[in-house]
Amino acid sequence: MTYKEKIDKSKLPSHIAVIMDGNGRWAKQKGNQRIFGHRNGVTAVRETVEAAAELALSFLTLYAFSTENWQRPQIEVDALMSLLVSSLHDETPTLMKNNIRLTAIGDTSALSADVNKELQATIDKTAKNTGLNLVLALNYSGRWEIIRAARCIQADAAAGKLKQAMSENVFAEYLTTRNMPDPELLIRTSGEYRISNFLLWQLAYTELYFTPTLWPDFRKEDFFKAIVDFQQRERRFGKTSEQLEQYESSQNQ
Ligand code: FPP
């Protein structure tokens, strides 16, 4: 039985977030430059997006470039940016064919004009698609997002536009993910056990799944395996198992 067949379609997570890691190590293992790993990582991106679309998930968020990634050698940053431009250009027809809507979170204003042009073109072209929401985190970090939200709140308060008392719901309205459910599952590849400043607010109750597979080797079955693992977990949200059982039996009556 494949992992895909093992998935309970009635209990799918609506939002999966992915930290794509291990491109550099994968390339090094093969005696190649780091960018060779990033290029091969695009295949894993395609497989993951296809797998999410096949399951009709609502949201898939990929950590494509963090605010910390600017610190990499300039040649690698440039290569990553041009890979992004070419991937957006080449994959837009596939996004259209599969009814996938692309959006971005992060400080995209700091990306080059070339990147912004291609990104905006894909965002505009896919804007009316109603299937999977593919979210690229670009020049994103969780702390940047929280500080940005705090500044917007400060500005709205000063302008007298903040009518409600602060609460989790009000705060979440100021995040870049304001129209998205929090991820139910986070996948990180390459055997690292870190969040790396990704979706810090939104991951509060997310199930974490770590795999030693390096990103360029990640395929649909690896994605499905993570979902099967997720479905075997009990999500308690601070409650006891007994409380959850009582709730579930009351729902089944
Ligand atoms: C992490 O591997 C990967 C990235 C920082 C970038 C991910 C980018 C892609 C997969 C390419 C294109 C993306 C899209 C959305 C088309 P790493 O370099 O940190 O690997 P290492 O930890 O082994 O050094």
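Whatever order the structure lists them in is the order used to number ligands and atoms, beginning at 1. Computed from a predicted structure; not experimentally measured.
- By the 30° and 60° cut-offs, the orientation of the rings of W144 relative to Y140 is perpendicular.
- Residue-level proximity to ligand 1 for W215 is carried by the side chain, the only part with a heavy atom below 4.0 angstrom.
- With ligand atoms numbered from 1 in the order given, ligand 1 contributes 1 (C), 2 (O), 17 (P), 19 (O), 20 (O), 21 (P), 22 (O) to contacts under 4.0 Å with heavy atoms of D21.
- Atoms of ligand 1 lying under 4.0 Å from any heavy atom of S87, numbered from 1 in the order shown and given with element: 16 (C).
- Each of the atoms 17 (P), 18 (O), 24 (O) of ligand 1 lies under 4.0 Å from some heavy atom of R34.
- Note that K28 lies outside the cation-pi zone of W26, set by a 6.0 Å cut-off to the ring centre and a 45° limit from the axis.
- Atoms CG and CG, on L80 and N23 in that order, are 8.0 Å from each other to the nearest 0.5 Å.
- The closest approach between a heavy atom of K28 and any atom of ligand 1 is not below 4.0 Å.
- Side chain of N69 to backbone of S66: a donor-acceptor contact under 3.5 angstrom is found.
- Of all atoms in ligand 1, listed by their number and element, those nearer than 4.0 Å to a heavy atom of L136 are 15 (C).
- Distances below 4.0 Å separate heavy atoms of R72 from the following atoms of ligand 1: 5 (C), 17 (P), 18 (O), 19 (O).
- The ligand atoms of ligand 1 that sit less than 4.0 angstrom from a heavy atom of H38 are 11 (C), 18 (O).
- Residue contacts with ligand 1 include A64, since one of its heavy atoms falls under 4.0 Å from the ligand.
- Per-residue contacts place N69 under 4.0 angstrom from the following atoms of ligand 1 (heavy atoms of the residue considered): 5 (C).
- We find that K225 and D229 are not joined by a salt bridge, their nearest charged nitrogen and carboxylate oxygen being 4.0 Å or further apart.
- Distances between N or O atoms of L84 and those of ligand 1 include no value under 3.5 Å.
- Those atoms of ligand 1 with a heavy atom of R25 less than 4.0 angstrom away are 21 (P), 22 (O), 23 (O).
- Cation-pi geometry between K220 and F223 is not met at under 6.0 angstrom from the ring centre and within 45 degrees of the axis.
- Where the criterion is an N or O separation shorter than 3.5 Å, residue side chain and backbone included, G22 meets it with respect to ligand 1.
- Using a 4.5 Å heavy-atom cutoff, the side chains of R72 and R34 are in contact.
- In E192, neither the side chain nor the backbone holds a heavy atom less than 4.0 Å from any atom of ligand 1.
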